[in-house]
Amino acid sequence: MSTSSASDAPPAKSAAGGVQSLERAFDLLERMADAGGEVGLSELSASSGLPLPTIHRLMRTLVACGYVRQQPNRRYALGPRLIRLGESASRLLGTWARPYLARLVQETGETANMALLDGDEIVYVAQVPSKHSMRMFTEVGRRVLPHSTGVGKALLATTSDDEVRALLSRTGMPAATEKTITTPEAFLAALQEVRTHGYAVDDNEQELGVRCLAVSVPDSPTAAAISISGPAGRVTDAATEKIVPVLQQVAAELSQALATSGTPTA
């Protein structure tokens, strides 16, 4: 007669029907990311409410898989295997966003972009070009500093002033053009305008003759923003009044699609 062992038992399920250990492991990874990428077991226990033995067991598994590494100081840090997952997910996020960017191009006539905040930099993950002969082009994968871009402002507007100051102190604020904002005080004032009006503007700050309008994607699984960019002669104040509601609507629809399972479709 055979007998069942503990290892043969099915994994515990969560109230939502998922595998509890997986849910807990991913929750710990997200808490580590929120804490800057490196934490101690006691910090994880305090923030998650899980007992230390449970956290230790989960972290040991994550270390063995390469998703977490233990530092010489005994603290735990996010591991290098997450980089490959993150890069793949970023590419897919850009792919999923393309139908929404195409709608922006159709309704505004200008080039549409999607960008993420990756560390202290902005990285463009998707673009659909305008059909105009005179149009803007930003290479997918390009990295820029956030202080001179509309998407950077849109993304940092949700960040505290202290965190923004810390970021600017790390990156500096080099001038891309004569209109680039180059002081923390002026940049923080610009972020307050973004919060007040609900959208960000790059007015010849990254490239002379180019204006960009951007909004963040609310509740995105990672900080993301979408934008349109075009010649300053077309992206006028009058055009802005028509374009911004379209940007906000598309961002809201993209947010809802990303929150559901399966591939978003416009």
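Fair warning: this is a prediction, and the values are worked out from it, not measured in the lab.
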* To do: Please report the C-alpha distance between H56 and L41 in whole Å, then the side-chain angles of each, then the deciding distance to 0.1 Å, and finally whether the side chain to side chain contact (heavy atoms under 4.5 Å, CB included) criterion is met.
  => CA-CA 7 Å; H56 188 267; L41 289 182; 3.7 Å; yes
* **Test side chain to side chain contact (heavy atoms under 4.5 Å, CB included) applied to S148 and I181, step by step** => CA-CA 7 Å; S148 61; I181 298 173; over 6 Å; no
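Rounding to the nearest 0.5 Å gives a distance of 10.0 Å between CZ of R103 and CG of L254. Taken from NZ in K153 to SG in C212, the straight-line distance is 9.0 Å, to the nearest 0.5 Å. To the nearest 0.5 Å, the span separating CG on L22 from CG on D27 amounts to 12.5 Å. With values rounded to the nearest 0.5 angstrom, R165 atom CZ is found 10.5 Å from S160 atom OG. D118 CG to L155 CG: the interatomic distance, rounded to the nearest 0.5 Å, is 11.5 Å. Between the CZ atom in R195 and the OG1 atom in T158 there is a gap of 8.0 Å [rounded to 0.5 Å].
Annotation: E38, atom CD; neighbour count of heavy atoms from other residues, nucleotides and ligands within 6.0 Å is above 12. Other residues, nucleotides and ligands contribute only 12 or fewer heavy atoms inside 6.0 Å of the CD atom of Q106. A 6.0 Å sphere centred on CD of E178 holds no more than 12 heavy atoms belonging to other residues, nucleotides or ligands.
For the 3.5 Å distance criterion, the side chains of E193 and T196 fail to qualify, holding no donor opposite an acceptor. Donor-acceptor pairing under 3.5 Å is lacking for the side chains of T149 and Q206.
Looking at P174 and L145, their side chains come closer than 4.5 Å, going by heavy atoms from C-beta outward. Between I55 and L28 the shortest side-chain heavy-atom distance falls below 4.5 Å. Put simply, the side chain of F187 reaches to within 4.5 Å of the side chain of V164, judged on heavy atoms. When side chains are defined from C-beta on, E107 does not count as touching K242, because their heavy atoms never get closer than 4.5 Å. Taking the side chain as every heavy atom from C-beta outward, V105 and T111 never approach each other to under 4.5 Å. With contacts defined as side-chain heavy-atom distances shorter than 4.5 Å, the pair V194/Y199 does not qualify. Contact annotation: the side chain of L44 approaches that of M59 to within less than 4.5 Å [non-hydrogen atoms, C-beta and beyond]. Residues R170 and L167 have side chains in contact (heavy-atom distance under 4.5 Å, counting atoms from C-beta outward).
Of all heavy-atom pairs spanning L29 and Y67, the tightest one is CD2-O, 4.2 Å. Heavy-atom minimum distance, R98 versus A126: CG-CB, 4.5 Å.
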Would you mind writing out the side-chain donor-acceptor pairs for residues 214-227 within the sub-3.5 Å range, not counting sequence neighbours?
residue, atom, partner, partner atom, Å
S220, OG, T222, N, 3.4
S220, OG, T222, O, 2.5
S227, OG, N113, ND2, 3.1

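Under the 3.5 Å distance criterion, the side-chain polar atoms of T108 are matched with a main-chain donor or acceptor of L104. Side chain of N204 to main chain of G209: a donor-acceptor pair is present (N/O by atom type, distance under 3.5 Å, no hydrogens or angles). The backbone N or O of M173 sits nowhere less than 3.5 Å from a side-chain atom of T182 that would complete a donor-acceptor pair. Distance alone, capped at 3.5 Å, is enough to place a donor-acceptor pair between the T180 side chain and the A176 backbone.
Listed by first then second residue, pairs satisfying salt bridge (charged side-chain N to carboxylate O under 4.0 Å, His left out) with a partner in residues 41-66 read E43-R75, not counting sequence neighbours.
Hydrophobic clustering of Ile, Leu, Val, Met, Phe, Trp and Tyr side chains at less than 4.5 Å, counting indirect connections, unites V144 with V151.
Under a 4.0 Å N-O distance rule, the pair R211/D202 does not qualify as a salt bridge. Between E121 and R142, none of the side-chain N atoms (NZ, or NE/NH1/NH2) sits under 4.0 Å from a carboxylate O, so this pair counts as no salt bridge.
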